[in-house]
Amino acid sequence: ETGVTQSPTHLIKTRGQQVTLRCSSQSGHNTVSWYQQALGQGPQFIFQYYREEENGRGNFPPRFSGLQFPNYSSELNVNALELDDSALYLCASSARTTAGELFFGEGSRLTVL
Amino acid sequence: AQSVTQPDIHITVSEGASLELRCNYSYGATPYLFWYVQSPGQGLQLLLKYFSGDTLVQGIKGFEAEFKRSQSSFNLRKPSVHWSDAAEYFCAVARDSNYQLIWGAGTKLIIKP
């Protein structure tokens, strides 16, 4: 069983640029959630996708957007990067049958200069 | 609005000693509660969860947690810690039945030899 994989693991961007982060969910999981974890803080919920539709969103501006594909993999896109977007971005997949258990990838560390 | 508070940023415990990590939540209804562990270089892993029923829940790696509605708490315990337990521990509450999680800021556990 393949776990959740995220790419890239690290990247550096400059303010105003755009970034795309990718996530392959665990086999059999149809729900993907994205979280932002700033240094020294707990994760913050960005949004969730279920069967290719957005299924809930946290308190993040519209420049944070996402996609889920038919194979349940997902992308997180951030436009017009700001310095405060520097963080670890975590992807988690889950299945309705595993009642709240999220399986996390190791994250993509984004640094905005 | 839901919130989670972990009052201790760091806790240092001797190997073999008992452990209790505190978690308080704010939520209007019966919460879905979780403890996750984040080890260096690894993704977040679910230790245990509480949805309903028995207020003492058992998890992996010898951890347990007790839900106390009167105190709005969900403290994590382990009778004897091992050096491999050194990690950061996060308490979380689901904001709805889609398991979109609100997280505490985490408690870093340091093990003294």
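Sequence lines set the chain letters: A, B, ... in the order given, protein chains first and strands last, and positions in each chain run from 1. Basis for what follows: all heavy atoms, side chains included, without hydrogens, waters or symmetry-related copies.
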Checklist entry - If you count heavy-atom pairs under 4.5 Å between each of Thr31(A), Thr9(A), Leu90(A), Asn55(A) and chain B, which one has the most? => result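 Answer, by heavy-atom pair count under 4.5 Å with chain B: Asn55(A).
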
Next on the checklist: Among Pro43(A), Ser33(A), Ala92(A), which residue has the highest count of heavy-atom pairs closer than 4.5 Å to chain B?
Outcome noted: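 Counting heavy-atom pairs under 4.5 Å, the top option is Pro43(A).
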
Item to check | Close side-chain approach of Leu76(B) to Leu48(B), heavy-atom, < 4.5 Å | outcome: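 Result yes, sub-4.5 Å side-chain heavy-atom pair found.
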
Next on the checklist: Using side-chain heavy atoms (C-beta onward) and a distance below 4.5 Å, is Ser3(B) in contact with Tyr27(B)?
Outcome noted: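 Of all side-chain heavy-atom pairs linking Tyr27(B) with Ser3(B), none is under 4.5 Å.
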
Item to check | The single option from Leu46(B), Leu101(B), Leu44(B) passing side-chain contact (heavy atoms from CB on, under 4.5 Å) against Leu102(A) | outcome: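 Between Leu102(A) and the candidates, side-chain contact (heavy atoms from CB on, under 4.5 Å) is satisfied uniquely by Leu101(B).
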
Checklist entry - Mind checking which of residues 9-16 of chain B sit less than 4.5 Å from chain A, heavy atom to heavy atom? => result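 Residues of residues 9-16 of chain B touching chain A at under 4.5 Å: none.
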
Heavy-atom distances under 4.5 Å only: say whether [X] touches chain A with side chain, backbone, both or neither.
X: Glu88(B); value: neither
X: Gln100(B); value: both
X: Phe90(B); value: side chain

Checklist entry - Are Arg22(B) and Asp8(B) close enough for a salt bridge, meaning some N to O gap below 4.0 Å? => result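 Yes.
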
Checklist entry - Does Glu82(A) pair with Arg63(A) as a salt bridge, N-O distance under 4.0 Å? => result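 Looking at Glu82(A) and Arg63(A), the cut-off is met.
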
What part of [X] lies closer than 4.5 angstrom to a heavy atom of chain B: side chain, backbone, both or neither?
X: Gln48(A); answer: side chain
X: Gln37(A); answer: side chain
X: Arg109(A); answer: neither

Checklist entry - Can you list the residues that meet the side-chain hydrogen bond (donor to acceptor under 3.5 Å, both in side chains) rule with Asn30(A), with sequence neighbours excluded? => result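 Asn30(A) satisfies side-chain hydrogen bond (donor to acceptor under 3.5 Å, both in side chains) with no other residue.
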
Next on the checklist: Check the orientation of Trp103(B) and Tyr35(A). Use parallel for under 30°, tilted for 30 to 60°, and perpendicular for over 60°.
Outcome noted: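 Geometry flag for Tyr35(A) against Trp103(B): perpendicular rings.
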
Checklist entry - Which class fits the ring pair Tyr36(B) and Phe34(B): parallel under 30°, tilted 30 to 60°, perpendicular over 60°? => result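 The arrangement is tilted - the two ring planes meet at 30° to 60°.
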
Next on the checklist: Can you confirm whether Arg77(B) is buried at CZ, in the sense that more than 12 heavy atoms of other residues, nucleotides or ligands lie under 6.0 Å from that atom?
Outcome noted: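 Yes, CZ of Arg77(B) has more than 12 neighbouring heavy atoms, counting only those of other groups under 6.0 Å.
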
Item to check | Atom CG of Asn59(A): over 12 foreign heavy atoms under 6.0 Å | outcome: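 Check fails, neighbour count at 12 or below.
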
Checklist entry - Using a cut-off of under 4.5 Å for heavy-atom pairs, which of Ala94(B), Cys91(B), Gly104(B), Ala105(B) has the most such pairs with chain A? => result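 Most pairs with chain A among the choices: Ala105(B).
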
